[in-house]
Amino acid sequence: MKATGIVRRIDDLGRVVIPKEIRRTMRIREGDPLEIFTDKDGELIFKKYSPIGELTDFAAQLCDSLRKATDAIAAVCDRDAVIAVSGSARRELQDRPVSPQLTEIMDGRAPYRHTSGVSSIPVSAADEKYTLSVAAPILTEGDVMGAVLFLVPRGSSPAGEVEFKLAQTSALFLGKQMES
């Protein structure tokens with residue numbers, strides 16, 4: 001754990017303000033859920049809560065199934081990071097933060113499909129090897145929780161109609177799973 005040197009007081013309603021620079025660095029937005037952990041040494045730990053993170057094993061199985069069905073690289077991300085990836089891209093992308101462009105696509109709430117001639121979108125700012133071919137946002141009760149993705153190596157031809165429809169169907173399914 002890293003000390004920031006910032007000290008905050010608890011107000012009369014038990015609230016603590018998380019400084020803007022920490023919220024920006026940790027990509028915590030207004031309304032984001034935080035999970036609270038306690039430790040036997042008296043420490044309180046706030047961790048960003050990802051509802052889709054609870055489906056990580058399920059998302060990994062989904063990605064593997066999509067890969068077997070299409071022979072394409074499939075991934076699932078939450079709002080902040082890639083949580084499941086199929087195939088050889090796993091090492092480069094697993095647990096990496098999503099790119100700002102992918103965040104914009106999720107915020108737009110509409111499926112995305114890359115077309116030839118348009119500049120490619122990186123999946124993660126930490127990796128330029130793979131680009132986004134298809135993205136279908138996962139919506140739960142009107143909120144964006146993440147996305148189902150199909151990826152291609154940079155410079156490869158984009159995915160087809162089958163991958164586009166599979167991503168949309170998978171995103172709808174994951175959204176329904178999170179509601180129940």
Side-chain angles (χ1 to χ4, degrees), residues 26-29 31-33 48-180:
M26 301 301 294
R27 298 177 72 173
I28 298 172
R29 295 175 283 282
D32 281 355
K48 286 183 71 173
Y49 176 72
S50 171
I52 200 165
E54 293 183 10
L55 297 175
T56 301
D57 293 338
F58 185 72
Q61 292 173 358
L62 176 67
C63 289
D64 289 340
S65 296
L66 291 172
R67 174 137 177 116
K68 287 176 185 169
T70 63
D71 203 32
I73 302 167
V76 174
C77 68
D78 63 12
R79 302 265 307 144
D80 298 307
V82 179
I83 63 165
V85 187
S86 66
S88 60
R90 184 175 287 133
R91 188 174 344 146
E92 288 93 352
L93 295 173
Q94 185 79 35
D95 300 322
R96 298 279 199 265
V98 297
S99 68
Q101 299 95 323
L102 178 52
T103 300
E104 285 179 30
I105 289 170
M106 287 188 280
D107 288 342
R109 298 170 181 261
Y112 164 85
R113 184 172 175 188
H114 182 260
T115 55
S116 298
V118 177
S119 62
S120 57
I121 295 175
V123 177
S124 172
D127 178 77
E128 296 288 326
K129 186 176 176 184
Y130 297 97
T131 61
L132 196 59
S133 185
V134 170
I138 300 167
L139 302 174
T140 300
E141 297 174 357
D143 295 326
V144 177
M145 297 295 156
V148 175
L149 316 170
F150 278 99
L151 320 173
V152 293
R154 184 169 291 286
S156 298
S157 58
E161 185 68 22
V162 171
E163 289 84 358
F164 185 66
K165 291 293 185 189
L166 279 172
Q168 288 177 300
T169 303
S170 299
L172 285 169
F173 181 75
L174 285 174
K176 292 289 184 195
Q177 289 299 307
M178 292 172 58
E179 286 176 4
S180 57

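Quantities reported herein were computed from a predicted structural model and do not represent experimental measurements.
Salt-bridge check for Asp95 with Arg90: failed, with every basic side-chain N at 4.0 Å or more from each acidic carboxylate O. Taking 4.0 Å as the cut-off between side-chain N and carboxylate O, Glu161 and Arg113 count as a salt-bridged pair.
Note that CE of Met178 and CD of Glu141 are 9.0 Å apart. Values are rounded to the nearest 0.5 Å. With rounding to the nearest 0.5 angstrom, the CG atom of Leu62 is 10.5 Å from the CD atom of Gln177. The CG atom of Leu151 sits 6.5 Å away from atom CG of Leu93, with the distance rounded to the nearest 0.5 Å. Tyr112 contributes atom OH, which lies 9.5 Å from atom CD of Gln101 (distance to the nearest 0.5 angstrom). Summarising the geometry, atom CZ belonging to Arg96 is positioned 15.5 Å from atom CG belonging to Asp80; distances are rounded to the nearest 0.5 Å. Note that OG1 of Thr131 and NE2 of His114 are 6.5 Å apart. Values are rounded to the nearest 0.5 Å.
Considering all non-hydrogen atoms of both residues, Arg109 and Leu139 come closest at NH1-CD2, 3.9 Å. Closest of all the heavy-atom pairs between Val98 and Met106 is CG2-CE, 4.2 Å. The two residues Ala171 and Pro137 have their closest heavy-atom pair at CB-O, 3.4 Å. Closest heavy-atom contact between Thr140 and Met145: OG1-CG, 3.7 Å.
Formation of a donor-acceptor pair under 3.5 Å by the Arg67 side chain with backbone atoms of Ser86 is not found in this model. Between the side chain of Ser99 and the backbone N or O of Leu102, at least one donor-acceptor pair lies under 3.5 Å. Remark: the backbone N or O of Ile83 is paired with a side-chain donor or acceptor of Gln94 at under 3.5 angstrom. Under the 3.5 Å distance criterion, the side-chain polar atoms of Gln61 are left unmatched by any main-chain donor or acceptor of Phe58. Checked by atom type and distance alone, the side chain of Ser133 never pairs as donor or acceptor with a backbone atom of Phe150 at under 3.5 Å. Put simply, the side chain of Thr169 gets close to the backbone of Lys165: a donor and an acceptor are under 3.5 Å apart.
Counting only heavy atoms from C-beta outward, the side chains of Ser120 and Arg154 approach each other to under 4.5 Å. Tyr130 has its side chain within reach of Glu92: a pair of non-hydrogen atoms, C-beta onward, lies under 4.5 Å apart. Put simply, the side chain of Val148 reaches to within 4.5 Å of the side chain of Ile138, judged on heavy atoms.
Partner of Ser170 under the side chain to side chain contact (heavy atoms under 4.5 Å, CB included) criterion, out of Leu66, Val76, Leu149: Leu66 alone.
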Would you please test Val152 and Ile73 for side chain to side chain contact (heavy atoms under 4.5 Å, CB included) and show each step?
CA-CA 7 Å; Val152 293; Ile73 302 167; over 6 Å; no

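The number of heavy atoms from other shown groups lying within 6.0 Å of CZ (Arg29) is above 12.
For Asp107, the side chain to side chain contact (heavy atoms under 4.5 Å, CB included) partners are Arg79, Thr103, not counting sequence neighbours.
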